[in-house]
Amino acid sequence: MPYPQQPYPQQPMAPYPGPAGMAVPPPAGGIDLRRGMPTTLMVLLGVYALLAPVGIYGNARAREVYDDLLGQSSVADWTTKINDADTLSSVLGFVSFLVMVPTIILWTMWFYRMRRNAEVFAPGTQRLARGWAGGAWFTPVVNFWFPKQIANDIYRASAPGGPQSAPKGLLNGWWAAWVAVQVAACVSAVVSFVSGIQLAASAANAFADEDEMRSALETMKTGLLISDVACVLYPVAGVLAILVVRQLMGLQGQRLAAGPGAPGVPGGPGAGWQAAPAAPYGAPAAPPVPPAQNPFGNGPAGS
């Protein structure tokens with residue numbers, strides 16, 4: 001006589017705190033709103049924003065050295081002073097690097113998680129494949145618009161009242177600040193790189209061509225001024241990024257609480273994710289729910 005199948009006993013799992021103190025169940029159906037990662041990310045964003053005055057200080061000290069050199073008639077001690085300025089810049093840059101790397105890693109991981117949640121909330125509505133949520137930030141040229149396109153789709157899928165109710169002001173403001181920072185940083189890096197090559201060539205010739213040396217120093221000062229612009233914009237972009245994290249976590253928490261039949265969600269009642277009931281132990285799994293059509297555009301839906 002065959003042994004009758006029995007349901008597999010599952011212990012209930014306690015909910016963990018979600019956005020705005022909301023009790024959110026553990027990740028199920030692909031939805032993950034745990035707050036550990038975004039909280040750490042917001043702390044790192046704040047610390048990185050606070051490092052901006054340190055960068056401005058380093059630039060000011062370097063300009064003082066360059067102004068001092070340009071005011072001297074002799075170039076005998078230029079090498080020592082330039083090396084001292086470079087040492088200070090290197091130390092400050094290393095400190096910034098130590099904060100920047102984990103911030104970038106956590107930001108990419110968090111953004112990928114939000115993209116994955118959005119696809120569960122509204123299947124078939126994401127115009128770019130899921131991998132772009134991580135790769136778009138590091139791909140030249142497209143990193144100036146792909147991340148924003150992905151963020152737009154995430155916001156639309158996460159809005160509790162449907163895609164048309166997704167807030168836009170904060171997201172657009174953060175993106176404008178982020179692009180401005182990247183442009184200023186890139187221009188400053190190029191100018192500093194070119195002037196650094198000129199400076200190294202002059203030093204190799206013992207500063208025989210004084211006019212070339214002075215021209216290189218003036219170019220270096222210009223690069224520092226552009227770098228100051230980026231340093232001023234960093235705190236603005238950092239604070240706005242923190243607010244975006246808080247806002248999107250809140251939206252997805254409300255969307256999760258509203259359920260798949262929330263009004264205004266693409267497809268009407270029952271649209272969005274559908275969590276299948278637990279099957280008895282040994283029974284075949286429920287078939288997957290087919291994705292909805294993309295209501296946000298004609299581009300391909302991500303997977």
Side-chain angles (χ1 to χ4, degrees), residues 44-71 78-108 136-148 172-204 207 209 211-242 244:
L44 287 175
L45 286 169
V47 172
Y48 195 66
L50 291 176
L51 288 177
V54 177
I56 295 176
Y57 168 77
N59 291 343
R61 293 286 297 167
R63 277 196 302 272
E64 288 179 5
V65 172
Y66 298 152
D67 286 335
D68 185 34
L69 294 176
L70 289 170
W78 277 24
T79 300
T80 301
K81 291 187 176 182
I82 290 175
N83 288 338
D84 290 343
D86 288 343
T87 299
L88 177 61
S89 297
S90 298
V91 171
L92 295 178
F94 180 71
V95 173
S96 177
F97 178 80
L98 291 179
V99 180
M100 179 182 66
V101 170
T103 304
I104 292 174
I105 293 173
L106 279 185
W107 176 270
T108 306
W137 299 98
F138 309 102
T139 305
V141 183
V142 300
N143 62 342
F144 282 98
W145 78 85
F146 269 24
K148 178 58 164 60
N172 291 339
W174 160 73
W175 183 252
W178 186 86
V179 170
V181 166
Q182 299 309 307
V183 170
C186 288
V187 173
S188 172
V190 171
V191 172
S192 298
F193 179 75
V194 172
S195 59
I197 292 177
Q198 295 175 342
L199 213 57
S202 262
F207 307 119
D209 190 341
D211 290 338
E212 180 183 2
M213 185 64 182
R214 293 182 183 276
S215 175
L217 288 175
E218 291 290 354
T219 304
M220 188 74 77
K221 288 176 58 180
T222 301
L224 292 174
L225 288 174
I226 301 174
S227 177
D228 283 343
V229 174
C231 288
V232 170
L233 291 174
Y234 267 124
V236 177
V239 171
L240 291 177
I242 292 173
V244 166

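The structure presented is a predicted model; accordingly, all values stated were derived computationally and were not measured.
Here the side chain of S188 pairs no donor or acceptor atom with the backbone of A184 at under 3.5 angstrom. Panel note: side chain T219, backbone S215; a donor-acceptor pair is recorded below 3.5 Å. Side chain of S96 to main chain of L92: no donor-acceptor pair is present (N/O by atom type, distance under 3.5 Å, no hydrogens or angles).
Here the shortest heavy-atom pairing between N143 and A136 reads CB-O, 3.0 Å. Between I242 and G46 the shortest heavy-atom distance is CD1-N, 3.8 Å. The heavy-atom pair separating I56 from D228 by the smallest distance is CA-OD1, 3.9 Å. Minimum heavy-atom separation, A177 to L240: CB-CD1, 4.1 Å. Annotation for G238 and L45: closest pair O-CB, 4.4 Å, computed over non-hydrogen atoms.
By the 30° and 60° cut-offs, the orientation of the rings of W137 relative to W107 is perpendicular. The aromatic rings of W174 and W178 lie tilted to each other, with the angle between the two planes from 30° to 60°.
Using a 4.5 Å heavy-atom threshold, the side chains of L225 and R63 count as touching. Using a 4.5 Å heavy-atom cutoff, the side chains of F138 and I104 are in contact.
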Next on the checklist: Set out, in order, the CA-CA distance, both residues' side-chain angles and the distance that settles side-chain contact (heavy atoms from CB on, under 4.5 Å) for V54 and V95, then state yes or no.
Outcome noted: CA-CA 10 Å; V54 177; V95 173; over 6 Å; no
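Atom CG of L51 sits about 11.0 Å away from atom CE of M100, to the nearest 0.5 Å.
Heavy atoms from other residues, nucleotides or ligands lying under 6.0 Å from CZ of R61 number 12 at most.
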